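In this text the structure is predicted, and so the values were computed from the model without any measurement.
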Amino acid sequence: MAELVLSALLPVVFEKLTSVLENKITRSKRIHSELKKWETKLSLIQAFLEDASQKEVTSKAVKQWLNGLQHLAYDIDDILDALATDAMHHEFTNESDQGISSKVRKLIPTCCTNFSLSTRMDGKLNSITTRLQQLIDEKNSLGLIVKDGGQKSRNRNYQTSLVDAPSIVGREGDKMELLQKLLGDEQCSQNFDIVPIVGMGGIGKTTLARLFRNRNYQTSLVDAPSIVGREGDKMELLQKLLGDEQCSQNFDIVPIVGMGGIGKTTLARLLYDDQQVKDRFELKAWVCVSDDFDSFNISKVIFHSVGGDKNEKFADLNLLQAALKNQLTGKRFLLVLDDIWSEKLEDWETLVAPFFEVAHGSKIIITTRKQHLLNKLGCDHPYNLEKLSHDDALSLFAQYALGVKNFDLHPVLRPHGEGIVRKCGGLPLALKALGSLLRTKTDEEDWKQLLNNEIWMLEDGGGIVPALRLSYHDLSARLKQLFAYCCLIPKDHEFEKVDLILLWMAEGFLHNSTTEKSMERLGEEYFQELLSRSFFQHVPHKESLFVMHDLMNDLATFVAGEFFVRLDLDVKKDVMKTGFKKFRHMSFVCETYNTYNKFKAFERANSLRTFLAMPNAVRNSWQGFYLSSKILVDILPQLPLLRVLSLSRLYIDEVPECVGNMKHLRYLNLSRTNIKHLPENVCNLYNLQTLIVSGCKRLITLPDNFLKLKNLRHFDIQDTLLWNKMPSGISEMKSLQTLSNKVAVVENNDFFISWLRNLKNLQAKIDIVELQKVQSARDIQEVNLSQKRVSKLHMGWSNVFDDSRNEKLEKEVLDALKPHSDNLKDLNIVSYGGKVFPKCIGDPSFHQLTSVSIWDCRKCTVLPPLGQLPSLKKLEIRSLNKVKVVGSEVLLGTGIAFPKLESLRFSHMSGWEVWSTNSGVVDVVFPRLQELEIVDCPNLVEVSFEALPSLRELKISNCGDGVLTSLIHAASSVTKLSIKIISGLSDEVWRGVMDYLGAVEELSIKKCNEIRYLWESEAEASKVLVNIRKLEVDNCSKLVSLGEKEEEEDGCNQLTSLWILELMRCYSLERCNLPNSIEKLKIYDCPLIASVSFPTGEGHKLKSLEIFNCEQLLEKEVLLNTSMPAMLEVVSIDRWANLKSINELTCFIHITKLTISGCDCIESMVELTCFIHLTKLEIRDCKSMDVDSFGVWPPILGCLQIGRLKKPISKFGPQTFPPSLVHLELYGGSAEEDDVTGGSQLSHMLPSSLTTLRLWEFEKLESVSKGLQHLTSLQHLEIGDCPKIQDLPEELLPSLLSLTIRGCTDELKEKTSRRGSYWPRISYIPHVVIY
């Protein structure tokens, strides 16, 4: 702490103090005099800090004194910053003054212009002076003395590997000679060679060595070969993962238990990435759970990991898990649940509900510090990961400290190293941290000092591993400050380096007047230093993302002390009661609904500098979070000293007006919000350095005075419409680095060329459109884009192909836009107007290029030679209508063509006729192709392939039957086949295709209207469809039944692998025979089906039955069928006109979800008490059903949707719902006239346990101000299509998380507006939708 105040805070304060003293605005005698006093007193205090830094480790009083000093330093900095900002404003105002106003200003005496400032500051200045004197007085009682010397010897401990290369003189020759040794490949007796540098002390050995420092050194240590002492653990666990032991369910649990930092995650990652594991499991997912066991978020991550649609949104956990179950059913699945803290069995049971239909042999790896949950799960023998043995620990330590695996070359250091290793207790994280600390130190004295440090002996270490405290203690003061700030990052939160650096810069941590390096450059170097010392870690397989280990996060929280607070989801109640005024920096983990009460205490935190939203969302997803508007209106205006304000991903539609008054603000992040404009007063933020509006899709204009933001350095407008809205004078903002991933060429090419020229040499993604407006390729060539290291490049021309297009120029432009070949990974070309592509497209020198998309290039007659791109994994060709032949011109070369291509898609190729890979030039084509899709290629008739050995997924749509036949002959390993609108696909042709479907597990057939029967008999089908698990037939208008001879083989049970059958919109379908292996049956909108047959006997597995709009189907065919399995869990019956009774459902006692809807003939409801497992019940639109038949409700019912029955809900009578009921939807409208006008008529249907209530289509409902008062647990209220509703339950509003009113009166709209009577209560609610 003392080091922090001494070396990080006070120099900044002194520098600001000197600067402010020179400003005219502080020339009043009162202000100037006080500031001079501060300077004197601070200098006096500074002299005692050397002693304080040594005593604070063991003295709480000294630590408290230093905390007081740091608070005071913050307050002084705030005042000095305010004075400097006023001076800046004064300067900008003078620059803009013109004419008479300027002359009048000059006539006013300076004393008069300073009067208000002096008066305003008077109390604050006196308070600071008094507090400074108190600190000086207190130092005597603490026994603090002035210490000279000692600092020099300490400085070595704070050396880093940061080197200012331009300032190193006379070592060019040494560097070149050593570079030859380092880069050479001389033979030696071992796999590594030693390059020693010898010289007298102070001659520059360390400085020279640092010139060669590999900043990515630490990343190689996560590679499997360099992980020490875990070979036996890995082999033993591999046996468990790859084994096929019998268990009571289809998946088995493999738990890894151990203390924090011992290497559980590292070991799990080794297993997850092992090639044998990759080969065994069809689907894999990794979820970092941590201490917030959120089943919804965990399930969503798993869903996305196993191929679920990332754009699909789910209203609740049930819908999400149903979709997840569909993805997993029948697949061998590996899941890693990393770092579980929850001990609740119900958390586990909720999460694993979709996993029970996975293929046998699936595994779930759990890493945890706690064994309590495992005991409940019956895991009596978890794998306990032990600490490293002494020898393994010593080897790991040596790798990090010395870069080698032992101490053979450093025998003098070995005894000290062994002592340090023993104190680390075999904990890998501690060994890495301390090894990294000693990496640049080979002086024996440094190792002794670390071994004998008194931190090892501290009894109260705050639960922090001493070795980690030592690694922190060894940091320079600046690095300590930067690391402590990282306590604002939630545990397991993945972050980008640049995001953290911009925050550090905004807080003033990167200011250094002694170097010419930019703040961004300094931040980069500091970050790399912390990374190299294991304070940060790379996120596996996500090269741009980083994370902090939990123990490092705990360390940051410990050392940050009372100046920082992070509002996690499980924020402790005692934290909320503390004095928030002392906090200077705050971050909060975004929940779906962020309430006012969570932030209420911050009304008093008017010294806060940081208000940082930390969205707990999947990176690059568009998930947003709701925020109570009262926070923006009541709390933000009370935080005038903010330097950092982030409202990223919060659903706000306007920037709070108070933001323009935050004159200290350096960092404003509004990314992925719904804002439409930036208020004009934002241009008064003279200190603003970073403005982030990326992903603000509705933001289309900038404020008129945007150019006043003269200190703006970073303006991120990625994924917005601002890329062509820049003000004309923006080039005058010399410090500005506009980060836009898109630019449009305009008639005047100057801005476009300037944009290209100003691109960083390392750029993630650029998107250039309207390229047909480029007037000359020469200007682009002069920019030399080939030196820009772009990873993603999109180039687009107009989709209008008229006479104005210049084919020759467009080819030159495309060639000139060739980026550096080392970095390009993703290339997208749209509407290019040339007939051929330049040679650079397909050049194998682009060895990193993994994805290529070429769309809508309508004049092209030939594809570029993409076959020799060595790393290409994904290729999409769309709407190249003049291409007739795809053949040898694409392959080009010899050997293997498309060696790594995994996904290939052709679509909308109306002129394409021939596809041949038999060129005779290359030996092998598409050896790794896994996914192939051909869509809308109606003229493709000739397809010639030898083999597609790796193809697993084949999709063909709107093509002839010859395409299907040719491809399926070449790809007998396909496991997922989807066909749609295949002309000429008769029964005979289809059965010829079936002979090659032995490996197919999922089969989808849509709009193939010539097929009448899929197979002759089930017995014949079972000979070829031996692995079929899921069959979907949709919109095949002539399909009569699955088998032609179904009537003759009633009860046949041959297709034993078929689990899921979905028959939809097959309007000629008459009957369906089912094997008893079916677990999920869905028959949707098949109006002629009259028969559904189950085989006789036992062994049925049907668990889910959904029938929709099947008018001819008789209840005896299904519900009265004696062969119907009793294990049903999900039943959904909708618009089944002939269904008169559902009493037969009582034998299905395992049902968990039941839907009865649109069945007008049903008069009574089945007795519900037998459904002891039922959690969700929907009964709607059954006009003959009498509610009196319901009786007692199921004991664990959680969700009920009911209404539009015979009687209106007001006449249902008193109901006794179970306490488990939390979600209720009531529907107005009934066979009898609905008379509900007020909430009181519904209160008998509203149990106090409700958290969600939805009222729909009550046409006479006028008031809900009464009847809902007892719903004290209610969180979500939705009222829809109740056109006469006039009021709301006022007392409930502040506690709601969401309120939705659809189709209400104008009167209610006025009451709920910002000027209305309800607004003071509605403003508490995070999510409000009223229309």
Side-chain angles (χ1 to χ4, degrees), residues 247-251 282-283 303 306 308 318-333 349 352-362 975-976 1000-1004 1014 1018 1021-1022 1025-1034 1042-1043 1051-1064 1072-1084 1086 1089 1092-1108 1110 1117-1119 1121-1133 1144-1145 1147-1155 1171 1173-1176:
C247 59
S248 59
Q249 49 206 12
N250 286 341
F251 63 86
E282 299 170 75
L283 299 174
F303 180 71
V306 297
N318 284 328
L319 294 174
L320 170 58
Q321 291 200 328
L324 176 57
K325 182 178 179 180
N326 197 39
Q327 289 288 122
L328 296 177
T329 296
K331 302 290 180 65
R332 186 176 287 137
F333 170 53
E349 291 173 339
V352 300
F355 300 164
F356 290 98
E357 309 304 327
V358 297
H360 182 74
S362 296
T975 59
K976 188 173 183 180
V1000 168
E1001 298 174 359
E1002 296 185 27
L1003 174 60
S1004 174
L1014 291 185
E1018 187 178 322
S1022 65
L1025 299 177
V1026 293
N1027 288 298
I1028 188 76
R1029 293 176 178 173
K1030 179 180 179 181
L1031 173 60
E1032 176 188 7
V1033 186
D1034 185 3
L1042 299 180
C1052 186
N1053 186 31
Q1054 304 287 328
L1055 285 172
T1056 55
S1057 62
L1058 186 61
W1059 289 8
I1060 301 172
L1061 177 61
E1062 298 180 1
L1063 304 172
M1064 298 175 288
C1072 177
N1073 276 12
L1074 302 172
N1076 65 10
S1077 58
I1078 290 289
E1079 295 191 7
K1080 180 178 180 181
L1081 174 63
K1082 180 178 182 180
I1083 306 177
Y1084 182 99
C1086 299
I1089 191 169
V1092 177
S1093 300
F1094 295 86
T1096 56
E1098 299 180 354
H1100 300 292
K1101 297 180 180 179
L1102 189 66
K1103 294 182 179 179
S1104 176
L1105 172 66
E1106 297 180 48
I1107 298 177
F1108 174 84
C1110 298
E1117 288 292 330
V1118 179
L1119 300 182
N1121 192 319
T1122 55
S1123 299
M1124 267 289 282
M1127 297 302 294
L1128 272 175
E1129 296 176 0
V1130 177
V1131 175
S1132 178
I1133 300 172
E1144 294 76 16
L1145 288 176
C1147 62
F1148 304 119
I1149 61 172
H1150 298 284
I1151 291 178
T1152 60
K1153 180 182 177 182
L1154 175 62
T1155 299
F1171 299 123
H1173 300 289
L1174 191 67
T1175 59
K1176 185 173 183 179

Qualifying residues under side chain to side chain contact (heavy atoms under 4.5 Å, CB included), relative to Glu357, sequence neighbours excluded: Lys325, Thr329, Glu1079, Lys1103
Measuring from atom CD1 of Ile1028 to atom OG1 of Thr1056, what distance do you get when rounded to the nearest 0.5 angstrom? 12.0 Å
The criterion is side chain to side chain contact (heavy atoms under 4.5 Å, CB included); which residues satisfy it with Gln327, sequence neighbours excluded? Phe303, Val306
Using the salt bridge (charged side-chain N to carboxylate O under 4.0 Å, His left out) criterion, which residues pair with Glu1129? Sequence neighbours excluded. none
Beyond-backbone contact of Asp1034 with Ser1004, side-chain heavy atoms, under 4.5 angstrom: no
Rounded to the nearest 0.5 Å, what's the gap from CG on Leu1102 to CG on Asn1076? Could you check? 10.5 Å
State, to 0.1 Å, how close Leu1014 and Leu1031 come at their nearest heavy-atom pair, and which atoms those are. CD1-CD2, 4.0 Å
How would you list, by chain and number, every residue that makes a ring-ring contact (aromatic ring centres under 6.0 Å, His included) with Phe1171, sequence neighbours excluded? none
With sequence neighbours excluded, tell me which residues meet side chain to side chain contact (heavy atoms under 4.5 Å, CB included) with Asn1027. Glu1001
Flag the pair Phe251 / Val352 as yes when at least one side-chain heavy-atom distance between them is below 4.5 Å, and no otherwise. yes
Residue list, salt bridge (charged side-chain N to carboxylate O under 4.0 Å, His left out) with Lys976, at least two apart or on another chain: Glu1002
Compute the ring centroids of Phe355 and Phe333, then answer whether they are less than 6.0 Å apart. yes
Value for NE2 (His1173) from CD1 (Ile1149), rounded to nearest 0.5 Å, stands at 6.0 Å
Determine, stepwise, if the pair Asn326 / Ile1060 fulfils side chain to side chain contact (heavy atoms under 4.5 Å, CB included). CA-CA 9 Å; Asn326 197 39; Ile1060 301 172; 4.0 Å; yes
Qualifying residues under salt bridge (charged side-chain N to carboxylate O under 4.0 Å, His left out), relative to Glu1106, sequence neighbours excluded: none
Taking the side chain as every heavy atom from C-beta outward, state whether Asn318 and Thr1175 have any atom pair closer than 4.5 Å. no
Roughly how far, to the nearest 0.5 Å, is CD1 of Ile1133 from OG1 of Thr1155? 9.5 Å
Could you tell me which non-hydrogen atom of Leu1058 sits nearest to which non-hydrogen atom of Ser1077, and how far apart they are? O-OG, 2.7 Å
What residues, two or more places apart in sequence or in another chain, satisfy side chain to side chain contact (heavy atoms under 4.5 Å, CB included) together with Leu319? Phe314, Ala315, Asp316
State which residues pass side chain to side chain donor-acceptor pair (under 3.5 Å) with Gln249; sequence neighbours excluded, sorted by chain then number. none
Listed partners of Ser1057 passing side chain to side chain donor-acceptor pair (under 3.5 Å), at least two apart: none
Could you tell me whether the side chain of Leu1061 reaches within less than 4.5 Å of the side chain of Cys1072, counting heavy atoms only? yes
Which atom of Ser362 lies closest to which atom of Ala359, heavy atoms considered: OG-O, 2.8 Å
Any non-hydrogen side-chain atom of Glu1032 less than 4.5 Å from a side-chain atom of Lys1082? no
Here the gap from Arg332 atom CZ to Leu283 atom CG, rounded to the nearest 0.5 Å, amounts to 11.5 Å
From Leu1081 CG over to Ile1107 CD1, what is the distance, rounded to the nearest 0.5 angstrom? 6.5 Å
Can you list the residues that meet the side chain to side chain donor-acceptor pair (under 3.5 Å) rule with Asn250, with sequence neighbours excluded? none
Would you find a donor on one side and an acceptor on the other, under 3.5 Å apart, between the side chain of Glu1018 and the backbone of Gln1054? yes
Side-chain contact, heavy-atom cut-off 4.5 Å: Leu1128 with Leu1145? no
With the side chain counted from C-beta on, respond yes when Asn1073 and Leu1042 share a heavy-atom pair under 4.5 Å apart, and no when they do not. no
